[in-house]
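The basis for the numbers below is simple: all heavy atoms, side chains too, and nothing from hydrogens, waters or symmetry mates.
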Amino acid sequence: MSENVVHLHKHTNPAPVDTAPTVLTVVPDAPPARPVPLWVRSGRAVKTAVTHERTKSAGRAVVRHGLYTFNGGRIAARRAWDGRTGSRYERMIRAAEAAGNLEAAEEWEERLQRFRAARHHRRMDLLHSPVDAAKGVAVGAGMSVGVLVALGVVLAISTGQAGDVITPLAATIDFIALLIRIVQVVWGPAVTIGPFLALLALWSVGRKQHAAPQWALPANMRSGEGEPITPSIVVKALRDLGVPALARAIKEMGDAGASMLGPITIAGCGVEVDVTLPSGVSTNEVQAKRRKLAENLTRHEHEVFITIPQAARTVRLWIADSGALDEPIGPSPLVTDETMTADYKKGKAPWGQDLRGDAAALSLYQRHLLITGLSNQGKTVALRSLALWLALDKSVQFLMGDLKGVGDWAMFDGLATTLIQGPTDEHVIQVTEMVESAVDEMNRRIQAPPGTTFPPLIVLVDEAQVAFMCPAKDEDKRPYGGSKANSRYFMAVRKIHNQGRAVNVLMWQGTQDPTNENLPKLVREGAHTRASLALGTESQARMALGDKAVDGGAAPNLLRPGLDRGTLVVASDGITIPAGQSSITVRTHYIDDAAATAITDRAKALRDGVTTLHAIDRGEERDPLADIAAVIGDAPRVRTKDVLARLATRTPGAYGEWSFIDLKRVLDDAGAEPYKSDGVMVVSRDRVTRALANRNSEGSASAE
């Protein structure tokens with residue numbers, strides 16, 4: 001304490017002597033600002049300069065371009081060494097042996113022997129080449145001098161001057177001297193600039209190969225977005241997939257895994273490559289890591305597809321060009337080609353494009369069809385485009401039920417024999433009775449004499465899940481919906497699946513969000529062609545396409561809802577599927593309502609006229625003559641067998657058992673007898689219309 005007091009008095013001025021008391025107020029002052037040392041300011045400036053983005057960019061540029069040159073030299077040296085020696089062949093031999101492919105190893109060994117023999121031949125030629133070159137120069141020079149002298153003699157004779165004999169030879173000597181002078185002038189700068197040109201060439205090689213660390217590359221190169229697919233990129237992506245056995249096998253291979261890859265081929269808007277996996281690695285291990293593989297390839301998950309070809313222990317990778325799948329495909333040929341017609345038996349419907357960019361066409365001949373997917377993914381448009389193509393075959397008949405009822409199928413009015421539109425239980429009842437009438441028609445065809453041919457009858461129900469989920473019951477307490485043995489819609493569909501194909505009665509259904517409740521197992525497995533748009537889960541994908549297709553790589557659950565609208569995964573023998581695969585992905589053409597209406601107008605022009613029924617007859621008393629007039633429509637005449645078929649399709653309960661005799665009896669009684677035209681029996685529209693008019697007028701007169 002005393003030390004502090006003494007210290008205080010030593011540094012305080014003594015107060016003046018005064019008898020009056022003095023009051024002191026102590027005000028603490030802020031400590032004076034101490035100047036920052038120069039070395040601290042210099043350090044901060046240096047730190048700021050080092051961490052500035054411009055400095056970082058400049059540093060990365062120096063490192064990048066320096067390594068471009070250095071690594072470009074390494075790449076050029078390796079290429080030169082591979083070209084002059086057999087090291088490339090030796091690497092491929094070791095890789096083939098490591099993969100257990102002895103045939104490939106023998107083939108590469110033969111190539112190595114041929115390379116060595118050719119190299120030995122070239123070296124032996126070099127021993128004799130100086131002598132041969134000297135002889136060639138001497139002979140060539142002698143011949144050249146002789147030619148020049150002869151030319152000079154001709155020139156001297158022509159001019160009469162003896163000195164012109166050596167004029168060509170002198171001109172040649174002067175020209176050679178000029179070339180020597182040019183070389184002397186250029187040689188010095190060339191020697192000076194040559195090393196710089198060589199460095200520039202090495203830098204160019206390194207730059208093309210991106211031979212620098214990722215951190216030193218520009219931002220657009222570091223991202224790798226959309227970079228071309230090369231063998232090294234594929235192998236690196238597989239190595240970093242997180243499969244230990246695969247990573248170890250790649251490291252142990254003499255060629256660093258290149259032998260696993262087949263040729264990388266251009267396939268539509270992407271590339272395709274087969275990868276033979278090493279022993280101990282299963283294909284499902286790679287399939288399960290699709291997202292990671294896509295990211296390793298600098299692609300999005302939806303841009304990489306993994307399928308299983310026939311070859312054992314092999315996966316087939318299809319890798320899209322970055323962003324290519326987000327681009328729309330072209331319009332449908334149905335829209336662009338107004339002369340197109342269809343052939344149900346031999347033709348194929350133009351549906352869209354596969355991932356390779358090739359046209360995807362589907363055969364509809366004797367194949368039941370099921371299309372499913374989440375709501376608003378393009379199911380109705382995909383289903384409707386098939387019906388639009390088939391409508392251009394005038395022999396095809398349609399029974400249609402649209403249980404959405406918003407007009408998606410309205411353009412088939414006047415084309416389909418029956419068209420029921422609406423989502424209510426009453427509409428489900430009508431659709432169920434429509435399908436049951438098709439069952440009656442199927443049974444009638446089955447009982448026909450052997451060899452009888454029948455026109456195709458397509459029974460199409462869109463939003464079929466509404467029918468399966470319908471709680472309504474008939475007067476016998478039988479449910480219309482459900483999947484029990486007494487469910488009317490379910491059993492009608494099952495009967496057509498079981499026997500309809502043989503007599504060209506086919507069932508087409510479109511449904512949403514498949515589950516066991518709204519799409520029973522027996523119904524979905526009865527379809528020959530199964531297609532699915534985007535789905536939510538793998539279990540739904542298995543319901544839509546079956547276990548075999550999903551186990552083979554089909555993955556509609558990996559499609560992007562909304563973004564991949566109209567993209568289908570198809571499992572069918574009616575479409576060309578690459579060998580070894582169980583499904584194919586198709587990007588369907590979009591046909592809007594206006595274009596669809598134009599196509600149906602063309603289809604209607606091919607036919608004699610169809611009167612569309614919008615409700616199912618339920619056994620009311622029929623007027624045969626009026627029904628005949630209705631099925632004839634606007635055509636001037638219709639063959640009797642076509643009239644019978646239309647009557648049976650429209651009202652099978654009343655006319656399913658009719659024969660030509662029944663039809664002739666009604667027409668004869670009405671005075672509208674059928675007659676022969678071009679050797680076939682036909683019914684005249686005018687005769688039937690006149691008979692109806694006469695009957696109605698007679699009825700009115702009698703009533704009066």
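Residues passing the side chain to side chain contact (heavy atoms under 4.5 Å, CB included) test with Asp551, sequence neighbours excluded: Arg542, Asp547. Scored by the salt bridge (charged side-chain N to carboxylate O under 4.0 Å, His left out) test, Lys477 finds no partners at all (sequence neighbours excluded). Remark: Asp564 pairs with Arg560 by the salt bridge (charged side-chain N to carboxylate O under 4.0 Å, His left out) rule, at least two apart or across chains.
Rounded to the nearest 0.5 angstrom, Ser539 OG and Met543 CE are separated by 5.0 Å. Within the model, atoms CD of Glu272 and OG1 of Thr307 stand 6.5 Å from one another, a figure rounded to the nearest 0.5 Å. Going from atom OG1 of Thr341 over to atom CG of Leu392 covers 7.0 Å, rounded to the nearest 0.5 Å. Between the OG1 atom in Thr597 and the CG atom in Leu388 there is a gap of 9.0 Å [rounded to 0.5 Å]. Interatomic distance, CG of Leu386 versus CH2 of Trp351, reported as 5.0 Å (0.5 Å rounding). In this structure, CG on Leu415 lies 9.5 Å from CG on Asp601, to the nearest 0.5 angstrom.
Arg494 places a side-chain N or O within 3.5 Å of a backbone atom of Leu522 that can act as its donor or acceptor partner. At distances below 3.5 Å, at least one donor-acceptor pair connects side-chain atoms of Arg530 with backbone N or O atoms of Arg524. Between the side chain of Asn557 and the backbone N or O of Ala541 there is no donor-acceptor pair closer than 3.5 Å. With hydrogens and angles disregarded, a donor-acceptor distance shorter than 3.5 Å links the side chain of Thr612 to the backbone of Ala416. Between the side chain of Ser583 and the backbone N or O of Ala549, no donor-acceptor pair lies under 3.5 Å. His589 places a side-chain N or O within donor-acceptor distance of the main-chain N or O of Gly330, the cut-off being under 3.5 Å. A donor-acceptor pair is defined here as one N or O able to donate and one able to accept, closer than 3.5 Å; such a pair exists between the side chain of Ser487 and the backbone of Gly481. Here the side chain of Arg607 pairs a donor or acceptor atom with the backbone of Asp393 at under 3.5 angstrom. Counting only distance, with no hydrogens or angles, the side chain of Thr689 and the backbone of Asp686 share no donor-acceptor pair below 3.5 Å. Side-chain atoms of Glu673 never come within 3.5 Å of backbone atoms of Leu667 as a donor-acceptor pair (strictly under, hydrogens ignored).
A salt bridge links Arg695 with Asp623: the distance from a Lys NZ or Arg NE/NH1/NH2 to an Asp or Glu carboxylate oxygen falls below 4.0 Å.
Asn486 approaches Pro479 most closely through the heavy-atom pair ND2-CD, 3.5 Å. Scanning both residues, Leu692 and Ala629, for their nearest heavy atoms gives CD1-CB, 3.7 Å. For Val505 against Ala438, the heavy-atom pair with the smallest separation is CG1-O, 4.2 Å. The two residues Gln509 and Phe468 come nearest to each other via the heavy atoms OE1-CE1, 3.7 Å. When all heavy atoms are compared, the tightest approach of Leu399 to Thr417 is CD2-CB, 4.0 Å. Nearest heavy atoms, Lys473 versus Tyr480: C-CE1, 3.7 Å.
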Discussion item. Pair Tyr344, Gln366 - check side-chain contact (heavy atoms from CB on, under 4.5 Å), show working.
Written reply: CA-CA 9 Å; Tyr344 162 74; Gln366 293 187 344; 3.6 Å; yes
Worksheet item: For Leu533 and Leu559, what are the C-alpha separation, side-chain angles and deciding distance, and is it a side-chain contact (heavy atoms from CB on, under 4.5 Å)?
Response: CA-CA 8 Å; Leu533 295 111; Leu559 294 173; 5.5 Å; no
Worksheet entry | CA sep, side-chain torsions, deciding dist, call: Tyr675, Val682, side-chain contact (heavy atoms from CB on, under 4.5 Å) | CA-CA 6 Å; Tyr675 63 96; Val682 298; 3.7 Å; yes
Practice prompt. Mind running side-chain contact (heavy atoms from CB on, under 4.5 Å) on Tyr590 and Arg565 for me, showing each step along the way?
Written response: CA-CA 10 Å; Tyr590 176 72; Arg565 185 180 289 112; over 6 Å; no
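A donor atom on one side chain and an acceptor atom on the other are found under 3.5 Å apart for Gln465 and Glu463.
Considering Asp513, Asp408, Asp462 as possible partners of Lys379, the one that fulfils the salt bridge (Lys or Arg N to Asp or Glu O under 4.0 Å) test is Asp462. Considering Asp476, Thr432, Asp474 in turn, Asp474 is the only one that fulfils the side-chain hydrogen bond (donor to acceptor under 3.5 Å, both in side chains) rule with Arg488. Tested against Leu362, the residues Thr576, Thr529, Val586 include a single side-chain contact (heavy atoms from CB on, under 4.5 Å) partner, Thr529.
Leu334 is listed as a side-chain neighbour of Met340, based on a closest heavy-atom distance under 4.5 Å. Residues Pro674 and Leu663 have side chains not in contact (no heavy-atom distance under 4.5 Å, counting atoms from C-beta outward). Looking at heavy atoms from C-beta onward, Val335 lies in side-chain contact with Ile591 at the 4.5 angstrom threshold. Using a 4.5 Å heavy-atom threshold, the side chains of Asp413 and His614 count as touching. In this structure the side chain of Cys269 reaches within 4.5 angstrom of the side chain of Trp318, judged on heavy atoms. In this structure, the side chains of Val638 and Arg646 come closer than 4.5 Å at one or more pairs of heavy atoms. Considering only heavy atoms from C-beta on, Trp409 comes within 4.5 Å of Leu460 through its side chain. When side chains are defined from C-beta on, Tyr489 does not count as touching Val466, because their heavy atoms never get closer than 4.5 Å.
A tilted orientation is assigned to the rings of His497 and His368, their planes being inclined by 30° to 60°. Under the 30°/60° scheme for interplanar angles, the aromatic rings of Tyr655 and Trp658 are found to stand perpendicular.
Heavy atoms of other residues, nucleotides or ligands lying less than 6.0 angstrom from CZ of Arg444 number more than 12. Within 6.0 Å of atom NZ in Lys394, 12 or fewer heavy atoms from other residues, nucleotides or ligands are found, so the atom counts as exposed in its surroundings. Environment of NZ in Lys404: crowded, with over 12 heavy atoms of neighbouring residues, nucleotides or ligands closer than 6.0 Å. Heavy atoms of other residues, nucleotides or ligands lying less than 6.0 angstrom from CG of Leu563 number more than 12.
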